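Because the structure is predicted, anything quoted here is derived from the model rather than measured.
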Amino acid sequence: AVFNAVSATQVVFQRPVNAQPRAQGIPMAQAIAALHYLSILLLFALLGIEHLQFKQPLDLARARRLVLIDIAYGVSASLVLFSGAARVIWYGKGLDYYLHNGLFHAKVGLFLLVGVLSTLPTFVFLNWRNALQAGQVPDVSPRQRQWLTLCIRLELLLLLIIPLLAMLMARGYGVAP
């Protein structure tokens, strides 16, 4: 038999006779998943930028950028949390699956720990408001700089572990037999 490229393409891309019509637009589950993944990428990118921007000597423009970056980081963390909750409750494998998966608990625990760690930089940056409004560079002591740098680096490290746990969950690990 001679291979006919046109008929092969038609066979591959032709819909079965009994197929249901395709829904228009993006289904909500895929939209929420995309929002979740994009907000995770944004969260990590903003934290990486925060790490790079927080270097000495600090100048006024960089201090202002750090405040804005930290606000955007908080917004993206909220998006991760709410889109993740929507996936667990309405669009995922079912609440029962997640509640009985130890890796899911580890993921949520790590995310909450990152949230707790992020409060230190956030409070420091918020305390800079008066100095920034007066057009002054905020004063950062060497000890405070070390703590903030350590905190941001720990957040980055913990955020790197979370996708590894998600990958294991996707492969069926973490559920008790």
Testing the basics here: between Y91 and I32, what is the closest heavy-atom pair and its distance to 0.1 Å? CE1-CG1, 3.7 Å
Is F123 linked to V114 within one hydrophobic cluster, defined over Ile, Leu, Val, Met, Phe, Trp and Tyr using a side-chain heavy-atom separation of less than 4.5 Å? no
Do L52 and I69 sit in the same hydrophobic cluster, where Ile, Leu, Val, Met, Phe, Trp and Tyr count as joined when their side-chain heavy atoms come under 4.5 Å apart? no
Which distance, rounded to the nearest 0.5 Å, do you find between the CZ of R65 and the CD of Q53? 4.5 Å
Where V137 and L60 come nearest, the two heavy atoms and their spacing: CG2-N, 3.6 Å
Selection residues 41-77 - residue pairs positive for ring-ring contact (aromatic ring centres under 6.0 Å, His included), sequence neighbours left out: none
Single-linkage hydrophobic cluster, 4.5 Å side-chain cutoff, L154 and L66 together: yes
How long is the gap from OG on S118 to CG on L158, to the nearest 0.5 Å? 11.5 Å
Check: K107 and M169 side chains under 4.5 Å, non-hydrogen atoms: yes
Using distance alone, with no hydrogens and no angle criterion, decide if N101 and H105 have a side-chain donor and acceptor under 3.5 Å apart. no
Residues L46 and S76: closest non-hydrogen pair is CD1-OG, 3.9 Å
If every non-hydrogen atom of S83 is compared with every non-hydrogen atom of H36, which pair is closest and at what distance? OG-ND1, 2.9 Å
Shortest non-hydrogen contact between F111 and A77, atoms and distance: CZ-O, 3.7 Å
Nearest 0.5 Å please: distance from the OG atom of S141 over to the CG atom of L148. 8.5 Å
Around atom CE of M28, are there more than 12 heavy atoms from other residues, nucleotides or ligands closer than 6.0 Å? no
Do you know the tightest heavy-atom contact between I152 and P121? CG1-CG, 4.1 Å
Give a yes or no on whether L159 and V75 share a hydrophobic cluster (residues Ile, Leu, Val, Met, Phe, Trp, Tyr; joining criterion: side-chain heavy atoms under 4.5 Å apart). no
Using the rule that two of Ile, Leu, Val, Met, Phe, Trp, Tyr join whenever any of their side-chain heavy atoms come within less than 4.5 Å, decide whether V88 and L43 are in one cluster. yes
Within this structure, what is the CD1-CG distance for the pair I162 and L103, rounded to the nearest 0.5 Å? 12.5 Å
Between the CG atom in L126 and the CG atom in D70, the distance rounded to the nearest 0.5 Å is 7.0 Å
Taking C-beta and beyond as the side chain, do E50 and F125 meet within less than 4.5 Å on heavy atoms? yes
For F104, the ring-ring contact (aromatic ring centres under 6.0 Å, His included) test, sequence neighbours excluded, returns Y98
Pairwise side-chain contact, R87 with F82, heavy-atom cut-off 4.5 Å (strictly under): no
I need the Q146 CD to L150 CG distance, nearest 0.5 Å. 9.0 Å
Once salt bridge (charged side-chain N to carboxylate O under 4.0 Å, His left out) is applied, do any residues pair with R129, and if so which ones, sequence neighbours excluded? none
Under the side chain to side chain contact (heavy atoms under 4.5 Å, CB included) rule, what do K55 and R62 come out as? Steps first, then yes or no, please. CA-CA 9 Å; K55 56 185 173 187; R62 214 163 352 108; 3.3 Å; yes
Start with the C-alpha gap between W128 and V140, add the side-chain angles, then the distance that decides, and say whether side chain to side chain contact (heavy atoms under 4.5 Å, CB included) holds. CA-CA 10 Å; W128 290 357; V140 180; 3.6 Å; yes
Has Y173 got more than 12 heavy atoms of other residues, nucleotides or ligands less than 6.0 Å from its OH? no
Treating S78 as the side-chain partner and G74 as the backbone partner, does any N or O pair qualify as donor plus acceptor under 3.5 Å? yes
